[in-house]
Every structure is written in C-alpha cells, then in structure tokens.
Amino acid sequence: MAKTSLPSNSAGTSIVSLKVTLRGPKPPIWRRLLVPGTMTLGDLHQAIQAAMGWHDGHLHLFDIAGREYGDPHTVDDVADENILTLNGLLKSGVARFAYTYDFGDNWQHTVTIEKSKAAVEGVSYPVCIAGKRNCPPEDCGGPWGYQHLLEVLADPTNPDYAEQSEWIGEEFSPDVFDIDTANAVLNARFKRK
C-alpha cells in the first residue's frame with residue numbers, strides 16, 4: 001500500500017502537477033497527475049502504475065540527472081526511492097526525469113514537473129486530471145511489440161489475428177482512456193473511498 005496521505009485540513013500543502021508520457025507509441029500515451037509535494041518516488045511509482053494502467057508486476061527505476069532511484073531490495077545499485085520527495089526535486093531544480101517500468105519490455109516514461117500550487121480543500125491526492133490513450137497491455141514486448149500487436153489487431157486477415165485477439169481480450173481499445181477507472185485504481189492503491 002502506498003503511504004502518502006494528506007492531513008484532513010490540506011490548506012497550505014504543496015501539490016505538484018506532473019505529466020507522465022510513455023515514450024515510443026504514437027500518438028502519445030500520457031497522464032496528468034496532481035500529487036502531494038511530500039510524495040516520495042516510491043509512492044510516485046504506485047501513482048504512475050495506477051494512472052497509466054500498469055499492474056506493478058515488474059521492476060522499475062527512476063533516472064534523475066544520471067542518478068538511479070528504485071527499491072534497493074529488488075534492484076541493484078540504486079538509491080532508495082523512499083528517501084527523495086517531489087519537494088526535494090523541486091528544490092534541486094529538476095524539471096524532468098525518467099521512469100522505466102519492466103526492464104524486459106523497457107517501458108520508458110518521461111515525467112515532467114509542470115508546476116507547484118496549493119492543495120484544494122476536499123480534494124484527495126494523488127489524482128489523475130487528464131490523459132490520452134489506453135496503456136499497452138503488460139508483457140506485449142515493449143514499444144516494438146505493442147506496435148506489432150496493433151498492426152495484427154487492425155488486420156483480421158493476419159495469421160496471428162485470432163491468437164492475439166484472444167490474448168488481448170475483446171475489451172481492449174488502444175484509443176480509449178477512462179479517467180474514472182484511473183482514479184478508482186488510484187483510490188484503491190492509496191486506500192481512499
């Protein structure tokens with residue numbers, strides 16, 4: 001479970017607007033998140049997973065100005081992601097950094113710090129406020145495998161169509177992003193009702 005929480009009176013709490021963009025797929029797949037400045041990178045990992053639609057079944061790391069952060073219990077030679085907060089990044093002047101999920105498929109994301117502002121009373125953070133396109137399915141082979149999957153699914157005469165359609169399921173639509181689902185998963189990850 002993610003640890004980040006705001007006091008019941010969140011007045012004066014710094015909120016950071018982030019844009020998370022998945023590198024590779026075209027048109028772009030992205031999410032805009034509002035998160036507490038006190039959020040650690042470890043909790044940001046959970047927020048990105050929830051908002052993007054990933055299932056957190058693989059390793060991850062953040063690359064910030066050439067220094068890698070992650071879970072030192074699962075990834076070698078990384079700084080502890082639970083030490084650094086977004087407020088710390090803001091103070092250091094970092095405006096953009098990388099987040100990689102699933103070292104096999106190598107899903108690389110650019111995280112852009114857009115602005116910092118005061119929290120709005122009654123709003124639960126983190127929250128997804130915008131996004132475009134569905135997240136690729138887990139284990140589809142990274143950006144190149146995902147592109148191939150889309151090509152197969154677009155052509156019912158492709159010899160791999162039946163197998164890939166069964167694997168992906170009928171409900172997958174690459175162009176659809178459901179913000180309500182993203183926020184429901186965020187609420188569940190951060191134990192909110």
Side-chain angles (χ1 to χ4, degrees), residues 2-4 6 10 13-56 58-71 75 78-103 105-120 123-136 138 142-143 146-147 174-183 185-187 189-190:
K3 301 179 290 296
T4 299
L6 289 178
S10 59
T13 301
S14 171
I15 297 301
V16 180
S17 174
L18 302 174
K19 185 174 183 186
V20 181
T21 305
L22 183 60
R23 294 183 201 163
K26 301 288 181 212
I29 299 168
W30 61 271
R31 306 291 183 264
R32 181 163 285 117
L33 302 172
L34 299 179
V35 300
T38 56
M39 178 176 268
T40 66
L41 293 178
D43 283 343
L44 179 59
H45 158 70
Q46 293 298 324
I48 292 171
Q49 288 286 301
M52 290 299 292
W54 300 121
H55 300 292
D56 197 17
H58 301 281
L59 299 175
H60 70 279
L61 64 79
F62 293 91
D63 185 324
I64 301 171
R67 184 163 187 197
E68 293 181 341
Y69 294 82
D71 180 349
V75 180
V78 294
D80 189 344
E81 66 186 2
N82 292 312
I83 303 284
L84 187 58
T85 66
L86 292 172
N87 282 338
L89 287 178
L90 285 169
K91 287 178 186 170
S92 71
V94 170
R96 180 181 305 214
F97 55 95
Y99 167 75
T100 301
Y101 173 62
D102 184 351
F103 299 163
D105 280 0
N106 198 34
W107 293 110
Q108 296 180 6
H109 306 68
T110 299
V111 181
T112 304
I113 299 174
E114 296 180 317
K115 60 186 170 184
S116 179
K117 60 184 185 175
V120 174
V123 174
S124 295
Y125 300 97
V127 62
C128 182
I129 60 167
K132 291 287 184 189
R133 302 191 71 230
N134 203 347
C135 187
E138 297 265 359
Y146 182 54
Q147 183 60 41
D175 296 320
V176 174
F177 167 63
D178 184 349
I179 197 166
D180 293 330
T181 298
N183 280 311
V185 176
L186 276 166
N187 287 337
R189 285 262 169 110
F190 288 85

Just do the side-chain contact (heavy atoms from CB on, under 4.5 Å) check on L61 and L59 with the steps written out, would you? CA-CA 7 Å; L61 64 79; L59 299 175; over 6 Å; no

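- Pairing each heavy atom of V35 with each of P126, the nearest pair is CG1-CB, 3.6 Å.
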Evaluate the criterion side-chain contact (heavy atoms from CB on, under 4.5 Å) for residue pair L44 and Y99; output intermediate values, then yes/no. CA-CA 10 Å; L44 179 59; Y99 167 75; over 6 Å; no

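- Counting heavy atoms from C-beta outward, T38 and N87 have side chains that approach closer than 4.5 Å.
- At distances below 3.5 Å, at least one donor-acceptor pair connects side-chain atoms of R133 with backbone N or O atoms of P27.
- The shortest non-hydrogen separation linking P136 to L22 is CD-CD2, 3.6 Å.
- For the atom pair OH (Y69) and CG (L41), the distance works out to 7.5 Å, reported to the nearest 0.5 Å.
- Summarising the geometry of A51 relative to A182, their closest heavy-atom pair is O-CB, 3.9 Å, with the distance given to 0.1 Å.
- Put simply, the side chain of L89 does not reach to within 4.5 Å of the side chain of V16, judged on heavy atoms.
- Nearest heavy atom pair, residue A50 against residue V185, reads CB-CG1, 3.6 Å.
- Looking at every heavy atom in both residues, Y146 comes nearest to I29 through CE2-CD1, 4.3 Å.
- Remark: S17 OG to I129 CD1 distance equals 5.5 Å, nearest 0.5 Å.
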Side chain to side chain donor-acceptor pair (under 3.5 Å) for Q49 and H60? Distances and angles first, verdict last. CA-CA 10 Å; Q49 288 286 301; H60 70 279; over 6 Å; no

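- Taking 4.5 Å as the limit, some side-chain heavy atom of V120 sits within range of a side-chain heavy atom of Y125.
- Separation of atoms CG (D178) and CG (N134) is listed at 9.0 Å; rounding is to 0.5 Å.
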Going through the checks in order, is the side-chain contact (heavy atoms from CB on, under 4.5 Å) test met by K132 and F177? CA-CA 6 Å; K132 291 287 184 189; F177 167 63; 5.8 Å; no

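- D105 places no side-chain N or O within 3.5 Å of a backbone atom of W107 that could act as its donor or acceptor partner.
- One distance of note links CE of M52 with CH2 of W30; it measures 11.0 Å at 0.5 Å rounding.
- Contact between H45 and D56 at its shortest, heavy atoms only, is NE2-OD1, 2.9 Å.
- Once rounded to the nearest 0.5 Å, the distance linking CG of N183 with CG of L33 reads 9.0 Å.
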Would T40 and I83 count as a side-chain contact (heavy atoms from CB on, under 4.5 Å) if you check the C-alpha gap in whole Å, the side-chain angles of each, and the deciding distance to 0.1 Å? CA-CA 7 Å; T40 66; I83 303 284; over 6 Å; no

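- For Y101 and H58, the ring centers sit closer than 6.0 Å to each other.
- Taking CZ from R32 and OG1 from T21, the interatomic distance works out to 8.5 Å, rounded to the nearest 0.5 Å.
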